[in-house]
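Here's the structure we're looking at; comments come further down.
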Amino acid sequence: VSFSPLFSDLIKAFRCLPGVGFKSAQRMALHCLIRDRGGAKSLADNLLRGLSDIGRCEHCNTLSETPRCALCVHPKRQHQMLCIVETPADVLAIEQTASYQGLYYVLMGHLSPLDGIGPEELGMPKLRERLCDDQLEEIICATNPTVEGEATAHYIANMAKDLKLKITRIAHGVPLGGELEFIDGGTLSRALSHREVI
Ligand SMILES: [Zn+2]
């Protein structure tokens with residue numbers, strides 16, 4: 001039962017968001033129509049404008065409203081290093097550390113054959129083209145240390161084998177400030193096998 005077909009449509013539309021079920025969608029729709037019409041209008045306007053004006057950077061595949069994003073055209077970035085990550089959020093996380101000065105390539109996901117995302121769907125041919133850049137010396141596979149992330153990193157390493165690039169993977173191990181007894185076996189075993197000289 002619904003008091004308004006348009007209201008039902010609005011609920012349905014909110015459900016396209018991740019983790020939003022019927023109840024949450026209904027709460028959001030009610031909030032927009034009753035509590036904050038101004039905010040809702042602004043949300044709708046920004047959504048439309050973003051969808052029409054935000055595309056992909058031709059160089060690193062991240063979201064950008066110019067052909068090349070601000071990071072790719074930044075004069076101080078080192079062009080010989082390319083860090084390959086899964087999402088724009090990963091770029092932001094690495095940028096926050098202020099410990100990397102190279103460029104990025106954003107895959108917008110990871111290989112996941114069960115969901116129908118193979119190398120073509122993930123845009124591996126485009127990445128391969130990017131890797132042929134003469135200035136490039138090292139690629140860092142910074143995909144997540146999940147089964148899919150590892151598989152994606154292996155695929156990229158394999159794809160770049162013939163390009164005379166240094167291919168590295170971000171290290172995995174014990175979190176800073178952590179205690180060994182509470183760390184999962186897989187992480188601890190990886191930390192031991194990838195130990196470094198101090
Ligand atoms: Zn870019």
Side-chain angles (χ1 to χ4, degrees), residues 16-20 42-173 175-176 194:
C16 81
L17 295 171
V20 174
S42 160
L43 173 65
D45 290 346
N46 279 289
L47 204 49
L48 280 178
R49 201 164 49 193
L51 285 171
S52 99
D53 294 353
I54 302 176
R56 298 288 182 86
C57 170
E58 60 184 19
H59 206 45
C60 73
N61 200 42
T62 199
L63 296 173
S64 175
E65 49 192 90
T66 46
R68 288 205 178 184
C69 73
L71 256 167
C72 282
V73 298
H74 196 286
K76 295 234 171 81
R77 305 300 295 205
Q78 296 165 356
H79 285 245
Q80 58 275 32
M81 278 173 86
L82 188 73
C83 181
I84 302 168
V85 296
E86 293 187 21
T87 70
D90 299 333
V91 173
L92 297 177
I94 296 177
E95 282 301 293
Q96 293 245 311
T97 70
S99 51
Y100 176 72
Q101 301 302 320
L103 296 178
Y104 294 91
Y105 189 88
V106 184
L107 294 167
M108 297 293 183
H110 48 233
L111 293 176
S112 180
L114 289 179
D115 303 312
I117 301 170
E120 289 287 327
E121 289 74 21
L122 197 57
M124 286 300 180
K126 189 179 168 194
L127 171 60
R128 163 86 199 182
E129 265 175 53
R130 177 69 184 84
L131 296 185
C132 293
D133 184 337
D134 290 338
Q135 287 180 288
L136 213 53
E137 290 169 12
E138 175 177 354
I139 58 171
I140 303 169
C141 295
T143 50
N144 292 325
T146 56
V147 174
E148 295 87 355
E150 293 290 349
T152 307
H154 275 112
Y155 184 93
I156 294 168
N158 204 38
M159 181 172 77
K161 238 181 4 207
D162 59 326
L163 291 174
K164 291 200 181 108
L165 291 167
K166 180 176 173 189
I167 304 167
T168 56
R169 177 90 176 101
I170 45 165
H172 312 290
L176 291 178
H194 288 67

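Indexing begins at 1, ligand by ligand and atom by atom, following the structure's order. Count residues from 1 along the sequence. Computed from heavy atoms alone, side chains included, the values below leave out hydrogens, waters and symmetry copies.
Scanning for salt bridge (charged side-chain N to carboxylate O under 4.0 Å, His left out) contacts around Asp45 gives Lys41, with sequence neighbours left out. Annotation: side chain to side chain donor-acceptor pair (under 3.5 Å) contacts of Asp134 (sequence neighbours excluded): none.
Under the 4.0 Å criterion applied to side-chain N and carboxylate O atoms, Glu137 and Lys166 are not assigned as salt-bridge partners.
Protein-derived N/O/S atoms nearer than 2.8 Å to the Zn ion (ligand 1) total 4, waters excluded.
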Evaluate the criterion side chain to side chain contact (heavy atoms under 4.5 Å, CB included) for residue pair His59 and Tyr104; output intermediate values, then yes/no.
CA-CA 9 Å; His59 206 45; Tyr104 294 91; over 6 Å; no

Atom pairs and distances, donor-acceptor, side-chain atoms in residues 115-127, under 3.5 Å, two or more places apart:
{"residue": "Asp115", "atom": "OD2", "partner": "Ser112", "partner atom": "OG", "Å": "2.6"}
{"residue": "Glu121", "atom": "OE1", "partner": "Gly118", "partner atom": "N", "Å": "2.9"}
{"residue": "Lys126", "atom": "NZ", "partner": "Asn61", "partner atom": "OD1", "Å": "3.1"}

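The side-chain heavy atoms of Gln135 and Gln80, taken from C-beta on, include no pair separated by under 4.5 Å.
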